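Note that the coordinates shown come from a computational prediction; the quantities given were computed from them, not determined experimentally. Numbers restart at 1 for each chain; the letters A, B, ... are given by sequence-line order, proteins then strands.
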Amino acid sequence: MVTSSDNAISSKILGIALSFKDNENYYISLFALSLIENSKCLSLELVLSKLRPCFENQKIIKISHNHKFNFIVLCRHKIEMGGNNFDTMIAAYLLNPSKEGYELKDLFWEYLKYFKSEEKEIKKNVVMGISILDACENAQKMLKLHDILEEKMEEKNLISLFREIEMPLVKVLAEMEINGIKVNIDFLKLFSRQVDTRLGELKNTIYNLSGTEFNINSPKQLSVILFERLKLPVIKKIKTGYSTNADVLNTLASQHRVVSFILEYRELEKLKNTYIDKLPFLVNSKTKRIHTSFHQTVTSTGRLSSSEPNLQNIPIRTEMGREIRKTFIAKEEYILLSADYSQIELRILAHLSRDESLLNAFKNDEDIHAHTASGIFNLDQNIISEQMRRMAKVINFGIIYGMSNYGLAANLGIGREEAEKYIKNYFLRYQGVKKYIEREKAEARKKGYVLTLLNRRRYLEGINSKDKKIREFNERVAINAPIQGSAADLIKLAMVKIDRFFKKERFKSRLLLQIHDELIFEAYQPELEKAKSIIKEIMENSLKLSVPIKVNLKTGNNWAELN
DNA sequence: AGCACAAGCCC
DNA sequence: GTACGGGCTTGTGCTG
């Protein structure tokens with residue numbers, strides 16, 4: 001969301017927009033729908049009302065550097081922005097998604113070669129107020145930038161990804177942010193007190209067992225206690241000394257009673273500071289809901305990210321963590337509905353690699369981890385133990401991430417030779433995957449980039465680096481980016497289509513969250529059955545893969561019930 | 001105040 | 001000598 005506080009942002013904003021006629025096309029450059037506090041000459045309402053016909057006109061191309069922001073502001077003023085939109089930030093992102101940021105002044109520099117000294121002026125003007133002359137100049141730069149970005153996207157076959165997915169998605173994300181999700185604050189407050197009590201107990205226990213008081217939150221002080229005072233063995237060294245992370249503590253747990261209390265303390269501190277005590281402050285007092293921000297130009301793979309708060313990392317792994325999910329609820333007459341892709345990245349791997357064994361496993365709807373286990377342990381699938389299946393699961397994920405035998409050994413707590421053997425067996429079973437990995441790496445070396453199913457690009461500057469560490473990192477990315485990125489393509493496309501369906505049917509049900517391979521809706525009870533079937537249908541069929549795509553649906557009155 | 005770092009939450 | 005892809009937020013401890 002644009003603002004987490006209740007300050008009426010509208011009163012601080014002036015919109016300045018200029019339109020041009022050019023070869024039968026109308027352009028409107030929304031350059032300064034941003035903060036201009038000092039200006040006294042115009043009111044936002046007046047400007048917007050004059051511009052309403054432009055915003056709504058389908059023929060006019062609306063160019064701006066942050067369309068999501070514009071959608072949100074215009075939504076407050078009950079103005080619908082029609083199609084034919086061009087977001088320069090998103091265009092620049094598609095051209096190279098690995099950049100640190102996409103500030104307009106940097107794009108002016110990169111694509112228009114305006115001198116940096118001029119860019120300072122632009123920034124100053126936006127903050128201090130903007131003259132008509134400056135606005136004209138900036139609007140012209142925007143038009144020029146638009147032309148160049150569009151041309152470059154054409155060269156790289158990015159137009160359909162841009163027009164059919166990323167631009168329509170902007171409005172979907174804006175509406176998700178505006179929707180927000182309802183929370184039960186009383187529940188959190190109660191929970192906070194319980195956690196506090198337990199944390200107090202743990203603190204005392206830890207001090208007693210250590211024989212001294214210290215700041216448990218300080219890894220530095222903790223490592224003095226563990227490795228000097230208690231003389232526990234060092235498991236792992238880090239830049240600044242000895243590691244005290246959860247892996248290390250789990251290894252040390254059998255050696256001293258204090259360790260497991262520290263682990264529990266850490267878990268509760270994390271939950272309390274990051275979620276339990278934080279979420280109440282992020283509830284909007286008008287809507288009584290939490291409005292996250294979704295970012296469309298952050299990740300280098302095409303995924304979304306979420307912040308303030310991040311609603312893509314709400315705990316699920318531990319029992320205590322899952323409690324936090326109970327705080328997210330549906331409003332009256334509605335129910336939460338989740339739709340998650342089953343093993344989507346492995347299915348995409350099957351599709352991209354065309355590996356016969358992997359394809360068949362999915363076509364036959366087999367338990368994929370058990371299937372892999374039967375390959376790496378050379379055993380019949382129906383005698384695979386839970387332990388073997390767990391190990392196979394680590395390998396299945398490891399392959400997607402480009403894991404080495406060293407990493408696998410560390411993760412499974414086994415020897416290098418054993419890990420090596422499993423990997424060898426894996427590629428014996430899945431020979432097509434082996435070839436696929438080599439194909440992607442070769443492609444990256446030759447072209448300097450890799451592609452997803454829908455042509456999303458990821459450049460790999462270091463793929464031919466002399467530095468082994470850099471080169472190998474780039475190779476892992478070359479394997480992972482097409483898989484992770486294609487999954488992102490798929491769910492984004494599904495989101496756009498689902499939104500279109502909801503609009504067409506005038507549904508009251510709303511999309512609230514996206515968590516990479518999962519969508520969470522607030523479904524209007526009378527629409528539930530229809531929503532469920534259409535969501536499943538769209539998600540499973542937006543892209544045609546050579547394996548079936550499977551989506552699981554769940555409903556509940558709170559998020560914890562969606563598991 | 002701003003930074004790097006370690007840590008830990010998610011897919 | 002060797003660390004698995006992609007994110008965000010927290011607290012500590014140092015520097016300015």
Side-chain angles (χ1 to χ4, degrees), chain A residues 97-98 214-223 236-250 262-263 265-279 282 292-295 297-318 320-322 324-325 340-346 349 394-412 416 419-420 423 440 450 458 460 467-469 472-488 491 513-519 559:
Chain A
S98 311
F214 63 101
N215 185 350
I216 310 168
N217 292 326
S218 164
K220 198 179 172 194
Q221 292 183 39
L222 179 60
S223 82
K236 191 178 145 195
K237 287 182 182 175
I238 51 174
K239 209 180 295 181
T240 52
Y242 304 138
S243 171
T244 65
N245 71 20
D247 272 351
V248 169
L249 295 187
N250 277 319
I262 294 169
L263 278 164
Y265 178 89
R266 280 249 180 97
E267 183 190 350
L268 293 190
E269 273 280 311
K270 176 73 180 181
L271 297 179
K272 185 171 154 61
N273 294 335
T274 310
Y275 306 101
I276 302 169
D277 287 351
K278 205 61 195 296
L279 292 175
L282 294 159
T292 183
S293 287
F294 285 106
H295 309 288
T297 60
V298 169
T299 76
S300 45
T301 54
R303 276 188 179 182
L304 301 175
S305 79
S306 155
S307 70
E308 287 179 291
N310 181 355
L311 293 184
Q312 291 179 321
N313 74 344
I314 300 303
I316 189 168
R317 213 181 67 250
T318 67
M320 193 66 81
R322 274 196 299 279
I324 291 169
R325 297 200 164 209
D340 70 289
Y341 282 109
S342 160
Q343 308 293 358
I344 190 60
E345 295 197 341
L346 287 172
L349 175 63
V394 172
I395 295 178
N396 274 337
F397 280 104
I399 293 295
I400 290 172
Y401 299 154
M403 188 191 253
S404 65
N405 57 5
Y406 187 89
L408 182 63
N411 204 305
L412 289 178
R416 286 260 304 280
E420 186 80 64
I423 292 176
E440 282 305 330
V450 289
R458 167 90 186 254
L460 299 154
D467 186 333
K468 189 175 165 190
K469 213 175 143 186
E472 289 184 342
F473 172 74
N474 277 266
E475 289 175 355
R476 290 194 291 273
V477 171
I479 298 164
N480 177 262
I483 301 170
Q484 191 184 128
S486 297
I491 197 166
L513 301 175
Q514 188 253 43
I515 305 137
H516 312 305
D517 63 353
E518 173 184 17
L519 299 176
W559 195 349

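- Judged by closest nucleotide on DNA chain C, A:Val394 is the one of A:Lys278 and A:Val394 placed further toward the 5' end.
- For A:Arg266 and C:dT10, a side-chain-to-base donor-acceptor distance below 3.5 Å is absent, hydrogens and geometry of angles not being considered.
- Nearest nucleotide to the side chain of A:Lys270, out of C:dT9, C:dG5, C:dA3: C:dT9.
- Base contact: A:Arg416 has a heavy atom under 4.0 Å from a base atom.
- When each of A:Lys237 and A:Ser300 is assigned the nucleotide of DNA chain C bearing its nearest heavy atom, the one mapping closer to the 5' terminus is A:Lys237.
- Residue A:Gly398 is classed as a base contact, given a heavy-atom separation below 4.0 Å to a base.
- Rounded to whole Å, atom P of C:dG5 lies 10 Å from atom OH of A:Tyr401.
- A:Ile491 places its CD1 atom 15 Å from the C1' atom of C:dG7, with the value rounded to the nearest Å.
- We find that CG of A:Asp517 is positioned 12 Å from C1' of C:dG6, with the value rounded to whole Å.
- If you check every strand for non-hydrogen atoms under 4.0 Å, A:Tyr341 touches nothing.
- In this model, the phosphate group of C:dG5 is approached by a side-chain N or O of A:Arg476 to a distance below 4.0 Å at OP1 or OP2.
- Here A:Leu271 lies out of heavy-atom contact (under 4.0 Å) with every strand.
- Contact annotation for A:Lys239: backbone-only contact, meaning every heavy-atom pair under 4.0 Å involves sugar-phosphate atoms and none involves a base.
- B:dA7 and C:dG1 have their C1' atoms separated by 25 Å, with the value rounded to a whole Å.
- Heavy atoms of A:Lys272 sit nowhere under 4.0 angstrom from any nucleic acid atom.
- Atoms CZ (A:Arg458) and P (C:dG5) sit 10 Å apart, rounded to a whole Å.
- Checked for salt-bridge contact, A:Arg458 and A:Glu440 miss the test: no charged N lies under 4.0 Å from a carboxylate O.
- Using modelled atom types, one side-chain atom of A:Thr292 and one backbone atom of A:Pro309 make a donor-acceptor pair closer than 3.5 Å.
- The local environment of OH in A:Tyr242 is sparse, with at most 12 non-hydrogen atoms from other residues, nucleotides or ligands closer than 6.0 Å.
- Taking both residues in full, the closest heavy atoms of A:Met403 and A:Val394 are given as CE-CG1, 4.5 Å, listed atom of the first, atom of the second, then distance.
- Residue contacts shown for A:Leu408 are absent, as no nucleic acid heavy atom lies under 4.0 Å away.
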Requested in this report: Between protein and nucleotides 11-16 of chain C, map the contacts as a letter string: B base, S sugar-phosphate only, - none, heavy atoms under 4.0 Å, written 5' to 3'.
Outcome: SSSS--

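- Remark: the backbone N or O of A:Lys220 is paired with a side-chain donor or acceptor of A:Ser223 at under 3.5 angstrom.
- Using modelled atom types, one side-chain atom of A:Asn480 and one backbone atom of A:Ile400 make a donor-acceptor pair closer than 3.5 Å.
- A sub-4.0 Å separation between OP1 or OP2 of C:dC8 and a side-chain N or O of A:Ser305 is present.
- Looking at heavy-atom distances under 4.0 Å, A:Ala246 makes contact with sugar-phosphate atoms alone, never a base.
- A:Ile314 comes within 4.0 angstrom of sugar-phosphate atoms only, judged by non-hydrogen atoms across all strands, and of no base.
- Summarising the geometry of A:Leu249 relative to A:Thr244, their closest heavy-atom pair is CG-O, 3.5 Å, with the distance given to 0.1 Å.
- In summary, contact between chain A and DNA chain B, defined as any nucleotide atom under 4.0 Å from a heavy atom of the protein, begins and ends at B:dC5 to B:dC11 in the 5' to 3' direction.
- Between A:Asn215 and A:Gln221, the side chains place no donor N or O within less than 3.5 Å of an acceptor N or O (distance only, hydrogens not considered).
- In plain terms, the two heavy atoms of A:Asn313 and A:Tyr275 that are nearest each other are O-OH, 2.7 Å.
- Taking every heavy atom of both residues into account, A:Leu311 and A:Ser306 meet most closely at N-OG, 2.9 Å.
- Under a 3.5 Å cut-off, the side chain of A:Asn250 and the backbone N or O of A:Ala246 do form a donor-acceptor pair.
- Here the C1' atom of nucleotide C:dT2 and the CD atom of A:Glu472 are 8 Å apart, to the nearest Å.
- For A:Ile395 and C:dG5, the CD1 to P distance is 17 Å, given to the nearest whole Å.
- Between the CG atom of A:Leu304 and the P atom of C:dC8 there is a distance of 11 Å, rounded to whole Å.
- At a threshold of 4.0 angstrom between heavy atoms, the contacts of A:Ile400 with the nucleic acid are absent.
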